[in-house]
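Written out below as structure tokens is the structure these notes cover.
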Amino acid sequence: MTEALHPLPRALPEAASFRDAMARVASAVHVVTTRGPEGRAGLTATAVASVSDSPPTVLVCIARPSRTLAVIEAAGLFCINTLPGDALDLAEIFASRRGIEGEARFSTHDWKPLVTGAPVLSDAVAAFDCRLTAIHDVATHRILIGEVVGLGGAAAAPGSSLIYRQRSFQAV
Ligand SMILES: Cc1cc2nc3c(=O)[nH]c(=O)nc-3n(C[C@H](O)[C@H](O)[C@H](O)COP(=O)(O)O)c2cc1C
């Protein structure tokens, strides 16, 4: 790595200040799903980004204690389902806020496999079905890189999208 142009400050910003700054940033809300030998699993995530279109590649950052992370790593596949504006219930279920675990998280909406076998939300704004191609450990999280092998979601033009901003959900 090249030397910094300016001397680095001695103290980093506090974690709480960093979280407050990030809370100002509006993020699309996704449910990242997978399927292992024990069934389907998924979690709510906003730390998702497009990486490249050739080959189509995305990334998602997942905290190491996540149960879904272990299933994704073992199965080598995942799907990023970008939520429509009326899917607040799904965002809360998959963030473990409703006391619903494992397979039962999938009972309120229609999910179908596409290419990899990971569950694809039928009315997602967009769905990116991925083969896991790389993993990078950074601090408390793992960055998963996925090659997009299938595209799914609602056939019609998207209506509203669910976003998370200032620690609450909104449809935009
Ligand atoms: C709006 C929102 C965004 C979140 N984004 C992420 C994320 O990007 N990565 C992550 O690891 N967890 C994220 N979480 C937390 C997980 O959804 C939560 O820890 C979940 O319970 C993990 O479930 P699991 O242990 O069944 O995998 C987010 C939660 C909320 C409410």
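Note that ligands are numbered from 1 as they come in the structure, with each ligand's atoms numbered from 1 the same way. Quick caveat, the model's predicted, so the values are computed rather than measured.
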Check: Do I62 and ligand 1 have an N or O pair less than 3.5 Å apart?
Finding: no

Notebook entry, point to check: Among protein heavy atoms, which lies nearest atom 22 (C) of ligand 1, and at what distance?
Noted result: L43 CB, 3.8 Å

Next item on the list: List every atom of ligand 1 that sits less than 4.0 Å from any heavy atom of S66, numbering the atoms from 1 in the order shown and giving each element.
Entry: 24 (P), 25 (O), 27 (O)

Note to self: Among all the protein's non-hydrogen atoms, which is closest to atom 15 (C) of ligand 1, and how far away is it?
What the structure shows: T44 O, 4.0 Å

Notebook entry, point to check: Ignoring hydrogens and geometry, is there a side-chain-to-backbone donor-acceptor pair from T68 to A41 under 3.5 Å?
Noted result: no

Notebook entry, point to check: Among R67, R167, R64, which residue places a heavy atom closest to atom 26 (O) of ligand 1?
Noted result: R67

Check: Is there a heavy atom in R105 that sits closer than 4.0 Å to ligand 1?
Finding: yes

Next item on the list: Determine, step by step, whether E14 and R19 satisfy the salt bridge (charged side-chain N to carboxylate O under 4.0 Å, His left out) criterion, reporting the C-alpha distance in whole Å, the side-chain angles of both residues, the deciding distance to 0.1 Å, and the verdict.
Entry: CA-CA 9 Å; E14 295 285 333; R19 286 199 301 271; over 6 Å; no

Next item on the list: Could you please spell out the steps behind the salt bridge (charged side-chain N to carboxylate O under 4.0 Å, His left out) verdict for D89 and R97?
Entry: CA-CA 10 Å; D89 58 337; R97 290 181 173 182; over 6 Å; no

Check: When you look for heavy atoms under 4.0 Å from ligand 1, do you find them on the side chain of R97, its backbone, both, or neither?
Finding: side chain

Margin query: Given A41, A45, A91, identify the one with the heavy atom nearest to atom 7 (C) of ligand 1.
Written below: A45

Checklist line | Atoms of ligand 1 close to S96 [distance to a heavy atom under 4.0 angstrom, numbered from 1] | finding: 20 (C), 21 (O), 23 (O)

Checklist line | side chain to side chain contact (heavy atoms under 4.5 Å, CB included) assessment of I72 paired with L77 | finding: CA-CA 6 Å; I72 293 174; L77 57 93; over 6 Å; no

Notebook entry, point to check: How close do G152 and V120 get, heavy atom to heavy atom, and via which atoms?
Noted result: CA-CG1, 4.4 Å

Next item on the list: Mark yes or no for whether N81, through its side chain, and H30, through its backbone, hold a donor-acceptor pair below 3.5 Å.
Entry: no

Margin query: Tell me the nearest of G102, A95, A70 to atom 18 (C) of ligand 1, using heavy-atom distances.
Written below: A95

Checklist line | CZ (R64) with more than 12 external heavy atoms under 6.0 Å | finding: yes

Notebook entry, point to check: Would you call the rings of W111 and F106 parallel, tilted or perpendicular, where under 30° means parallel and over 60° means perpendicular?
Noted result: perpendicular

Check: In the protein, what heavy atom is nearest to atom 5 (N) of ligand 1, and what distance, to one decimal place, separates them?
Finding: T46 N, 3.1 Å

Next item on the list: Using a strict cut-off of 4.0 Å, indicate which atoms of ligand 1 neighbour a heavy atom of C61.
Entry: 7 (C), 8 (O), 9 (N), 10 (C), 11 (O)

Checklist line | A63 neighbourhood, listing ligand 1 atoms whose heavy-atom distance to it stays under 4.0 Å | finding: 10 (C), 11 (O)

Next item on the list: Determine whether the side chains of S96 and R105 contain a donor N or O and an acceptor N or O closer than 3.5 Å.
Entry: yes

Item checked: A47 neighbourhood, listing ligand 1 atoms whose heavy-atom distance to it stays under 4.0 Å -> 8 (O)

Note to self: Need the ligand 1 atom indices (1-based, order shown) with element for anything under 4.0 Å from a heavy-atom of F94.
What the structure shows: 17 (O), 20 (C)

Notebook entry, point to check: Shared ILVMFWY cluster between I80 and I135, side chains joined below 4.5 angstrom?
Noted result: yes

Item checked: Y164-ligand 1 polar pair, N/O distance under 3.5 Å -> no

